[in-house]
Amino acid sequence: ETGVTQTPRHLVMGMTNKKSLKCEQHLGHNAMYWYKQSAKKPLELMFVYSLEERVENNSVPSRFSPECPNSSHLFLHLHTLQPEDSALYLCASSQERTYEQYFGPGTRLTVT
Amino acid sequence: GENVEQHPSTLSVQEGDSAVIKCTYSDSASNYFPWYKQELGKGPQLIIDIRSNVGEKKDQRIAVTLNKTAKHFSLHITETQPEDSAVYFCAASNSQASGGSYIPTFGRGTSLIVHP
């Protein structure tokens, strides 16, 4: 595998389910990001993990919980989601503070 | 914080024509301006970027221009081809900022449709 991979690619879950999204980067980067992409809206940064810091977008609800066990893996744990959380969730990585972000293909999440 | 406006939201051209997408930004401290292309079912991919110490950069059929005074930058695609059809995003960031402010702020995207 090369680049940034995400699993699953598609996920349908009920509002009472608990699921996790997984991201893995094979680029040797040391910063990883979660973005939410909804139709007709700008990419919304949710979380950042880097050597220097963890950054959270304060508008992200607590039903989204990130986990970064090492510099190559990033998880997004989901619980009691709402229908408005349906979106494409993108993972990205970069070398600390360098400019280029590399994105994975995303997980298409549908909350029923 | 930074605010990035992108226009148009949709752009339809004939194959062979040129396409121009424009973005404006609000933070004069921003110094890095990437452009991403997102094809259906894929994540955004960086196609070209420009730093604030240059005014123009070209890579084959694509070019980006930057006007720091006016705080706007543009993507130019010449001799468009059907495979150029995708959503294009601009972004702006300040690589010297702290507290996560170095992370790019994205525009809303432009859906480019190239008709054969």
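The figures that follow rest on heavy atoms only: side chains count, while hydrogens, waters and symmetry mates do not.
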Please look at [X] and chain B and tell me whether the side chain, the backbone, both or neither of the residue comes under 4.5 angstrom of a heavy atom of that chain.
X: A:Tyr102; value: neither
X: A:Arg108; value: neither
X: A:Gln37; value: side chain

Evaluate side-chain contact (heavy atoms from CB on, under 4.5 Å) for A:Gln101 paired with B:Leu46, printing each intermediate quantity in order.
CA-CA 8 Å; A:Gln101 288 187 321; B:Leu46 180 73; over 6 Å; no
Verify the cluster assignment for [X] and [Y]: are they in a single hydrophobic cluster under the rule of side-chain heavy atoms below 4.5 Å apart?
X: B:Trp35; Y: B:Ile62; value: yes
X: B:Phe89; Y: A:Tyr35; value: yes
X: A:Val48; Y: B:Tyr32; value: yes
X: A:Leu81; Y: A:Leu11; value: yes
X: B:Ile48; Y: B:Val87; value: no

Taking atom CD of A:Glu84 as the centre, report whether more than 12 heavy atoms of other residues, nucleotides or ligands fall under 6.0 Å from it.
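Counting other residues, nucleotides and ligands, CD of A:Glu84 exceeds 12 neighbours.
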Would you say CD of A:Glu67 has more than 12 non-hydrogen atoms from neighbouring residues, nucleotides or ligands within 6.0 angstrom?
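Yes.
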Walk me through it: do A:Leu88 and B:Gln38 pass the test side-chain contact (heavy atoms from CB on, under 4.5 Å)?
CA-CA 12 Å; A:Leu88 182 68; B:Gln38 186 174 22; 3.8 Å; yes
State, yes or no, whether a side-chain contact exists between A:Leu90 and B:Pro44 at a heavy-atom distance under 4.5 Å.
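When only atoms from C-beta onward are counted, B:Pro44 and A:Leu90 do touch, with a gap below 4.5 Å.
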Give the interface residues of residues 105-116 of chain B toward chain A, defined by a heavy-atom separation under 4.5 Å.
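Within residues 105-116 of chain B, the residues under 4.5 Å from chain A are B:Phe106, B:Gly107, B:Arg108.
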Roughly how far apart are A:Leu43 CG and B:Ile103 CD1, rounded to 0.5 Å?
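Between atom CG of A:Leu43 and atom CD1 of B:Ile103 there are 12.5 Å.
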